[in-house]
Amino acid sequence: MAKETSAPLSVSERTRAALADAKARGVVLGSAGARNLQATLEKRTQTADAFARQVQPLFTEFLAQGLTHRQMAAELNRRGIAAARGGEWTHGQVQRMLNRLADSV
């Protein structure tokens, strides 16, 4: 039983083939700049705004209590409320969230 062996494609050959396939599917190659990033930026902004709306009542409560940014972060962490990316809150994140909430009003 003779097996047919062929040499594996080089990286450059695989890359050329993948780019040709993408071009055949209608993907615009070499597009750069703000227009190329617009959809991603809009999606990230929508996600951040949705998260801000979700935690807005907490921040309203904290502001009414007169807590500092660090105290707010500590209280959010104590309550087990994850930050936007799932980690613990920092005073910088609290400040950015308050700025986002102020801009949305």
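Side-chain atoms of Phe59 and Leu76, non-hydrogen and from C-beta on, do get closer than 4.5 Å to each other. Counting heavy atoms from C-beta on, the side chains of Gln71 and Phe62 never come closer than 4.5 Å. Thr68 has its side chain out of reach of Met72: every pair of non-hydrogen atoms, C-beta onward, lies at least 4.5 Å apart.
A donor-acceptor contact shorter than 3.5 Å links the side chain of Trp89 to the backbone of Ile81. A distance-only check finds a donor-acceptor pair linking the side chain of Arg14 to the backbone of Leu9 [under 3.5 Å].
Residues passing the salt bridge (Lys or Arg N to Asp or Glu O under 4.0 Å) test with Glu61 are Arg79, sequence neighbours excluded.
A salt bridge is absent between Glu13 and Arg16; no separation between the charged side-chain nitrogens and carboxylate oxygens falls under 4.0 Å.
Ala52 and Arg100 get closest at one heavy-atom pair: CB-CD, 3.7 Å. Taking both residues in full, the closest heavy atoms of His69 and Leu98 are given as NE2-CD1, 3.4 Å, listed atom of the first, atom of the second, then distance. In terms of heavy-atom proximity, Thr90 sits nearest to Gln93 at N-OE1, 2.8 Å.
Atom OG of Ser104 and atom CD of Gln56 lie 5.5 Å apart (nearest 0.5 Å). Of the inter-residue distances, the one linking Lys43 atom NZ with Thr47 atom OG1 reads 4.0 Å to the nearest 0.5 angstrom.
Side chains of Glu42 and Gln46: no donor on one and acceptor on the other come within 3.5 Å.
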